Amino acid sequence: MKRTQYCNDVRAKDVESRVTVCGWVDTRRDHGGVVFLDLRDRTGLVQIVLNPSTNDAVAKVAHDVRTEFVLAASGVVRLRPDGNANPNMDTGEIEVMIDDCEILNRAKTPPFEISEDCAAAEETRLKYRFLDLRRPNLQRILMLRHKAAQYVRRYLSDHGFIEVETPVLTKSTPEGARDYLVPSRVNKGHFFALPQSPQLFKQLLMVAGFDRYFQIVKCFRDEDLRADRQPEFTQIDIETSFLDREDLFKIMEGLISGLWKDTVGVDLPLPFRRMSYAEAISKYGIDRPDLRVPWELKEITSHFGKSGFSTFDGIVEKGGIVKAVNCKGMMEKFPRSVLDAMKDVVAPYGAKGALYIRVQPDGSWQSPLAKAISPELQKAIAAELDMTPGDIVFIVADVPKVVNDSLAFLRVHLGKFCGVLDEKQSELLWVTDFPLLDYDAKDKRYVAMHHPFTSPHPDDIALFETDPLKIRALAYDLVLNGSELGGGSIRIHSSDVQSKVFRALGIEEKEAREKFGFLLDALSFGAPPHGGIAFGFDRLIMMLAGTESIRDVIAFPKTSSASDLMCDAPSAVDARQLKDLHIKLT
RNA sequence: GGGGUGGUAGUUCAGUUGGUUAGAACGCCGCCCUGUCACGGCGGAGGUCGCGGGUUCGAGUCCCGUCCACCCCGCCA
């Protein structure tokens with residue numbers, strides 16, 4: 001029995017013709033005589049009818065068959081009798097009257113129901129991922145993922161990009177995330193690292209003259225997991241030569257908008273919006289603002305210090321800042337109980353609380369601040385924050401990081417709470433001009449904000465000597481609805497500038513040669529001006545599929561403690577294997 | 001590393017103030033049923049209450065420890 005078509009492809013056009021379908025038994029409805037089966041494959045369902053009076057073979061299968069058995073069945077397609085069509089089913093108009101069928105394999109009762117709305121705990125589903133993957137939801141997402149990958153390959157190929165594979169066994173680098181290490185058997189005591197990204201290789205491909213490179217590639221970072229973070233994940237990695245930032249943005253906007261159009265049929269407005277890092281932090285407190293929420297943050301530090309409200313005055317005297325967000329017209333949504341809960345909303349970010357101002361119909365304030373500060377000061381703040389009756393304002397005062405982190409989160413939280421955030425909207429944004437360096441207070445040194453190969457802004461080179469933290473980088477992120485889709489930079493192509501950056505990072509000449517000698521060499525052999533970007537492919541699929549968890553877009557994901565419940569990895573290994581690798585466990 | 005939530009039948013859950021034999025629904029098994037599609041009817045099986053210790057006459061319930069899953073902070077150039 002050879003399959004003639006997929007289940008969901010059997011339609012009214014096939015009436016009177018003979019078909020053979022193969023698949024899994026989704027449901028079985030036994031009427032004592034006739035047995036109805038919904039047969040499932042990757043396309044969907046079709047109802048097949050087993051009438052025991054047809055012949056002995058059909059009678060036997062009808063009796064023996066159970067859910068999730070694998071079946072091949074042949075018969076003639078016919079319209080269902082009058083009044084028996086099922087409008088909830090793609091193939092509900094027809095059914096296949098089976099006269100020949102075979103159980104290809106039996107199946108144990110599955111630990112959970114293979115269905116769209118399966119309620120089993122994720123832990124159980126991860127252990128039996130091969131069964132979970134039978135569910136139509138996950139099948140749809142993986143097919144979407146396939147389609148997206150195909151689109152990306154086609155678009156980039158059409159734009160002259162060449163897909164090149166880079167090593168998975170590579171060299172550990174000191175900067176950035178923790179590496180996954182692979183011991184070398186041949187070179188005792190030495191280790192490969194799995195790539196955090198193919199960063200250096202793609203730059204070397206530019207030096208080699210490939211001009212436009214891409215790769216859909218696995219990357220590895222040994223850091224703690226989150227709902228949108230896995231230890232191994234996939235990037236669309238891209239690098240180009242002889243293009244400036246604007247050229248690159250244009251090609252990438254075409255890629256992303258085309259991807260949205262091709263996979264989910266959504267038109268993204270072009271060009272994408274732009275914002276500097278400094279503006280993003282100022283207005284939203286974060287470098288990946290969710291622009292679906294209309295409210296902006298406003299700094300009101302200058303009004304405090306001698307305001308009479310000692311809590312804020314003290315914070316400002318110690319160099320802290322005060323910022324506020326005005327939820328226009330939302331006062332009524334905040335009864336006392338909700339206001340009290342705000343403390344818990346900002347607590348994870350280190351804020352002691354979020355002070356509120358409710359603007360009454362007569363313009364007066366209902367606020368812990370109302371009695372503490374003068375009417376004149378109230379007026380000035382009201383003007384600054386555009387406060388009108390019915391507004392509610394939340395204020396946080398603390399060190400800048402705490403204020404920005406907590407208000408950035410609170411702003412989106414409030415937007416969702418007040419219903420002003422439209423989940424269906426897609427707000428894309430390029431964030432540009434990131435700082436080149438960040439200061440690591442723990443290690444007392446500068447670290448690269450993006451990575452050590454990012455070009456400083458040419459206008460800011462002099463700042464290396466005076467104020468390194470003010471140096472802007474030619475680095476950028478693409479942000480969608482508060483989530484980072486990707487980021488990249490124009491790279492350093494001069495070994496002089498590269499040395500300058502290494503020096504600023506406190507990487508000695510000798511260490512730089514040791515760790516990155518091949519890159520410095522390459523830059524000195526005629527490196528073209530180049531730059532690129534990398535997109536988190538899994539996150540793109542999350543957006544397209546509308547899922548909350550990255551595990552939903554990966555066929556075989558890991559748990560939040562980085563283990564695989566299905567194959568029980570990682571696991572202990574034989575003593576012999578360790579010996580070969582010159583490894584002794586402590 | 002820190003905080004939070006959860007873990008009871010195959011699955012999803014309930015389980016009172018610590019009290020006799022730990023329940024429900026779905027699923028599963030058997031029988032009946034020839035037009036169902038959440039088919040229906042009758043009957044039945046199914047439990048290391050995550051694991052270890054403690055308190056108690058008595059622990060699913062209280063205490064201590066521990067493991068696992070999920071979410072958040074730190075971390076993730």
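Chain naming here is simple, since letters A, B, ... match the order of the sequence lines and numbering starts at 1 in each. These figures come from a predicted structure and were not determined experimentally.
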Pairwise side-chain contact, A:K558 with A:S561, heavy-atom cut-off 4.5 Å (strictly under):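 They are not in side-chain contact.
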Side chain proximity check, A:M542 to A:F537, heavy atoms < 4.5 angstrom: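 Heavy-atom side-chain distance check fails, nothing below 4.5 Å.
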Nearest-Å distance for atom pair [atom1]/[atom2], residues [X] and [N]:
X	N	atom1	atom2	answer
A:H31	B:rC33	NE2	P	13 Å
A:R226	B:rC75	CZ	C1'	7 Å
A:L37	B:rG35	CG	C1'	14 Å
A:E116	B:rC37	CD	P	20 Å
A:E123	B:rC71	CD	P	12 Å
A:I94	B:rC37	CD1	P	18 Å
A:R539	B:rC76	CZ	P	14 Å
A:R229	B:rC70	CZ	C1'	15 Å

Hunt down the Watson-Crick or G-U wobble partner of [N], both distances under 3.5 Å, from any strand shown, or write none.
N	answer
B:rC76	none
B:rG40	B:rC32
B:rG19	B:rC57

Please state whether the phosphate of [N], meaning OP1 or OP2, lies under 4.0 angstrom from any side-chain nitrogen or oxygen of [X].
X	N	result
A:N86	B:rU36	no
A:S406	B:rC73	no
A:T67	B:rC28	yes
A:R29	B:rU36	no
A:S560	B:rA69	no
A:R66	B:rC29	yes
A:T559	B:rA69	yes

Which part of the nucleic acid, if any, lies within contact of [X], taking any heavy atom under 4.0 Å across all strands shown: a base, the sugar-phosphate backbone alone, or nothing?
X	result
A:P452	base
A:S197	base
A:Y349	sugar-phosphate
A:P111	sugar-phosphate
A:R78	base
A:A347	nothing
A:F36	base
A:Q47	base
A:R28	nothing
A:D222	nothing
A:N51	base
A:E95	base

Whichever of A:M449 and A:P348 has its nearest RNA chain B nucleotide further upstream toward 5':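 Nearest-nucleotide comparison on RNA chain B picks A:P348.
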Residue whose nearest RNA chain B nucleotide is more 5′ - A:R221 or A:S561: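 Here A:S561 is the residue nearer the 5' end.
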Among [options], which is the nearest nucleotide to the side chain of [X]?
X	options	value
A:T27	B:rU12, B:rC39, B:rU34	B:rC39
A:N84	B:rA69, B:rG35, B:rC28	B:rG35
A:D224	B:rG74, B:rG35, B:rC71	B:rG74

Span that lies between the [atom1] atom of [M] and that of [N], in whole angstrom:
N	M	atom1	result
B:rG47	B:rU66	P	31 Å
B:rA24	B:rC42	P	15 Å
B:rG40	B:rU34	C1'	13 Å
B:rC64	B:rU55	C1'	11 Å
B:rA45	B:rU17	C1'	35 Å
B:rG27	B:rU11	C1'	7 Å
B:rG58	B:rU21	P	15 Å
B:rC26	B:rA22	P	22 Å

Ion pair [X]/[Y], N-O distance below 4.0 Å:
X	Y	answer
A:D552	A:R125	no
A:R135	A:E116	no
A:D440	A:R445	no

Distance-only donor-acceptor check, side chains A:T43 and A:D41, under 3.5 Å: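 Result is yes, a qualifying pair exists.
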Donor + acceptor pair across side chains of A:Q230, A:D538 (<3.5 Å):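 There is no such pair (donor and acceptor under 3.5 Å, judged by atom type) between the side chains of A:Q230 and A:D538.
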Side chain A:T54, main chain A:N51, donor-acceptor under 3.5 Å: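 Yes.
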Salt bridge (charged side-chain N to carboxylate O under 4.0 Å, His left out) evaluation trace for A:R503 with A:E508: CA-CA 6 Å; A:R503 241 192 337 273; A:E508 302 290 327; over 6 Å; no
